[in-house]
Amino acid sequence: MNQNLSRIRNIGIMAHIDAGKTTLTERILFYTKKIHKIGEVDDGSATMDYMPQEQERGITITSAATVFNWNNYEIHLIDTPGHVDFTIEVERSLRVLDGVVTVICAVGGVEPQTETVWHQAEKYGVPRIAFINKLDRTGADFDHAVSMMKDRLGAYPVPIQIPMMDGVDFKGVIDLIRMKAIVWDTESKGETFKVVDIPTSFLECAQKARDFMIENAAEQDEALLEYYLENDSLDEKQIISGLRKGTISNKIVPILCGSALKNQGVQPVIDAIIDFLPSPIDIPPIKGVNPETGLEEFRNPKTKDPLCALAFKVIMDQGRKSVFVRVYSGELNAESEVYNATRGIKERVARLFLTHANKREKIKSATVGSIALAVGLKDTRTGDTITNFGAPLVLESVETYLPVISIAVEPQTRSDQEKLIFCLEKIAQEDPSFVYSENQETGQLLISGMGELHLEIIVDRLRREYSVEVQTGKPQVVYKESVSGNAEARVIFDREIHDVRHFGDVTLSVQSGARGSGFVFRAEDRLQLLAPELIKHAENGAKEATLAGALAGNEVVDLIVNLVALGPEPFLMSPLGVKVAASQACREACEKAGPIVLEPYMSVEIVVPEDFVGEVIADLNSRHGRLEEILPRGKTSILKAISPLANMFGYSTSLRSLTQGRGIFSMQYSHYDVKQ
């Protein structure tokens, strides 16, 4: 492993589904000699799409990691899914990546999931470069794709290449940094290419784009700007230096272009990863909280610093648990004991591996900047921090997503019931956006996820990986409950259990909170001074009461609970008595405060030919959808709407029928609101 941290890159490939992420990754691996044959997504032979479900559907479902070398640089790469149902895969990858290549289709431009993953990267401050792909396709428009990045992503794109288009034919790219044209030999699978002078017909356009690029490079550094103003130009090293500084500070996004499927434009992307995306020492020291002192601490990207690594993904390989970790400081060694600072437990790393999709290479240690697979961390979950014993630190965890759709499952044989629960627990450890539970009223086992495809894949995995055949019910929406007003309740609980008196006298008030605020518990200031140890028990009791609402047993959310009083004699109360009294008081107050049902609403984006806009809007209205925006684009229109999830089942079939098979749509979770 490379000990020179400046020569390490941790990068991801992200985009909307079908923009060409995996196709680009496949070419990168081929040109860096990591693989010796180019696999294709469409025929199920792509290296990084190794799951049977990925190969059959031609989509990426799980993020896959690999590592390769290019010009003495070590590049760790994660290929992420583009489908909205698997957003958690992108989220946890972005949490540990230092840089990202965003792939944008030259025909479709910035699509809905592109926006989602872009904003996820923004949240973590991950620097990005962009590759405008599919320039060989009819309808490809480089300038429009760049313009959409400004309008829809709020990005500041700076092309460092522009395409050479002969009418609708893509001939190659113009490198604006070196002012040369690059033309690929398609017969050699793109391995060979010629660097030639720019054709006269493209010179004016290239010079204009170069001037724009140089101005932006100069503006990133005072010394460069001063030099540029004096000399009216920058050399190659100065341009790269300025663009790198602007990229790492998230002020600009360098733009490259090509056609990954036709093997054109890929090698410059690998060079751009090295030139513009940060190494582990270019990013700020990682920040966390010391669990013993509660104070913020930092870890520098140095091997001599204490170990600090984040477990960002759990996988089950033939039922055995492995954990992907990103090392931020120190060194993680095989056959060593470590401390899980998040859970306060001792763990043992039995073995360490570098991965190449589903293949593994055994290593003795993982140093700063590495992404490695650890075997032996039995109780570690996604988002846990691994440290040395004497230097604990808890890093920010990985954000998870609320499941919005459920289906009932049952094994085909009774003997498989226990096995089914065991397998679902293993899948839940892998996938934080997947939840399973038992409906107390019906006894049904429910599995919940991010969408119909997500649950379809789970059921398929149960059958293939775990040999459990299940029957499924129709998809069900995950409803929640809240209150529409406010109310107060007092409950006195006084009972003797095993000769011990448990007494609690609790008065609570409840009121509705803002949508998305979850559960908020407050206590009067005087109570915090009087009985601080009982307040926590009251909060736990109230929170327990919100697990099942009064109307249909759904979780109660967006609720503010105020602890008003703890009876006249709080010193006589027991923790259990307070907890039970608080739970009953909260339930009673919620029943008085006008309980309401909340349902999930989805952001829907529909692309339809302009001839069918009227029919599609009418159909949306019939589904209680709310049209928010119509964006004309050539002979098609993009409709943006918000609609209840319950009314969107089977929508793909209806849309095909309404538009003669020409309409497409995507949707993702937006928020919960009052059920219509």
Side-chain angles (χ1 to χ4, degrees), residues 15-19 57-59 81-87 104-119 134 137-141 144-145 147-149 151-153 404-405 449-456 474-479 598-676:
H16 185 88
I17 190 169
D18 203 34
R57 289 168 172 81
I59 61 170
H83 196 287
V84 66
D85 282 16
F86 309 107
T87 295
I104 294 173
C105 174
V107 181
V110 174
E111 296 166 286
Q113 188 65 3
T114 315
E115 292 186 64
T116 302
V117 296
W118 187 271
H119 296 313
K134 301 191 178 183
R137 294 264 297 271
T138 304
D141 189 335
H144 182 65
S147 176
M148 286 184 79
M149 288 184 68
D151 297 340
R152 297 185 67 170
L153 301 179
V404 294
I405 184 171
M450 299 300 292
E452 292 179 82
L453 178 61
H454 187 195
L455 296 182
E456 188 183 313
K474 288 184 178 179
Q476 301 172 338
V477 176
V478 178
Y479 292 102
L598 305 178
E599 66 177 332
Y601 280 71
M602 311 299 284
S603 293
V604 186
E605 186 159 307
I606 311 159
V607 182
V608 293
E610 57 187 11
D611 299 346
F612 302 103
V613 169
E615 291 94 324
V616 172
I617 291 175
D619 181 65
L620 265 177
N621 291 336
S622 72
R623 297 170 185 270
H624 300 294
R626 184 177 75 247
L627 185 67
E628 298 206 309
E629 195 176 7
I630 302 177
L631 300 171
R633 182 152 154 233
K635 293 186 177 180
T636 62
S637 292
I638 299 171
L639 311 183
K640 291 190 170 188
I642 298 288
S643 180
L645 172 62
N647 299 340
M648 294 302 290
F649 292 133
Y651 185 63
S652 55
T653 305
S654 298
L655 184 63
R656 279 198 297 270
S657 173
L658 287 168
T659 61
Q660 298 176 5
R662 294 162 65 193
I664 57 170
F665 86 104
S666 63
M667 68 177 183
Q668 61 192 72
Y669 167 72
S670 173
H671 63 282
Y672 270 85
D673 213 334
V674 181
K675 187 175 185 295
Q676 296 190 6

* Asked: Taking atom CE of Met148 and atom SG of Cys105, what is their separation to the nearest 0.5 Å?
  -> 10.0 Å
* Interatomic distance, Glu115 atom CD to Glu605 atom CD [nearest 0.5 angstrom] -> 6.0 Å
* Asked: Can you name the closest pair of heavy atoms from Pro632 and Ile630 and give their distance?
  -> CD-O, 3.6 Å
* To do: Quick one: which residue pairs count as a salt bridge (Lys or Arg N to Asp or Glu O under 4.0 Å) with a foot in residues 666-676, not counting sequence neighbours?
  => Arg515-Asp673
* Minimum heavy-atom separation for Ile642 to Ser670, with atom names? -> CD1-OG, 3.9 Å
* **For Val613, all residues meeting side chain to side chain contact (heavy atoms under 4.5 Å, CB included), sequence neighbours excluded** => Val608, Ile617, Ser637, Leu639
* **Separation of Tyr601 OH from Arg626 CZ (nearest 0.5 Å)** => 8.0 Å
* Should Met149 and Trp118 be marked as a side-chain contact (heavy atoms from CB on, under 4.5 Å) after you check the CA-CA gap, both sets of side-chain angles, and the distance that decides it? -> CA-CA 10 Å; Met149 288 184 68; Trp118 187 271; 4.0 Å; yes
* Among side-chain atoms of Arg623 and Ser654, is any donor-acceptor pair under 3.5 angstrom? -> yes
* For the pair Val107 and Asp141, evaluate side-chain contact (heavy atoms from CB on, under 4.5 Å) and give the outcome as yes or no after the intermediate values. => CA-CA 6 Å; Val107 181; Asp141 189 335; over 6 Å; no
* **side chain to side chain contact (heavy atoms under 4.5 Å, CB included) against Val477, all qualifying residues, sequence neighbours excluded** => Tyr479, Pro600, Leu645, Ala646, Phe649
* Considering residues at least two apart in sequence or located in another chain, which fulfil the side-chain hydrogen bond (donor to acceptor under 3.5 Å, both in side chains) criterion with His671? -> none
* Considering all heavy atoms, the nearest Ala15-Val117 contact -> N-CG2, 4.2 Å
* Can you list the residues that meet the side chain to side chain contact (heavy atoms under 4.5 Å, CB included) rule with Leu658, with sequence neighbours excluded? -> Glu615, Asp619
* Taking it one step at a time, do Met602 and Ser643 satisfy side-chain contact (heavy atoms from CB on, under 4.5 Å)? -> CA-CA 5 Å; Met602 311 299 284; Ser643 180; 5.7 Å; no
* Asked: Nearest 0.5 Å, what's the NE2-OG1 distance between His119 and Thr114?
  -> 10.0 Å
* How many angstroms lie between CD1 in Ile606 and CG in Leu620, if you round to the nearest 0.5 Å? -> 4.0 Å
* **Set of side chain to side chain contact (heavy atoms under 4.5 Å, CB included) partners for Leu631, sequence neighbours left out** => Glu629, Ile638, Lys640
* Asked: Mind checking what makes ring-ring contact (aromatic ring centres under 6.0 Å, His included) contact with His624, not counting sequence neighbours?
  -> none
* **Those residues that, when tested against Thr659, pass side-chain hydrogen bond (donor to acceptor under 3.5 Å, both in side chains) (two or more places apart)** => none
* To do: Evaluate side-chain contact (heavy atoms from CB on, under 4.5 Å) for Val616 paired with Leu655, printing each intermediate quantity in order.
  => CA-CA 7 Å; Val616 172; Leu655 184 63; 4.0 Å; yes
* **For Tyr651, ring-ring contact (aromatic ring centres under 6.0 Å, His included) partners two or more places apart** => Phe665
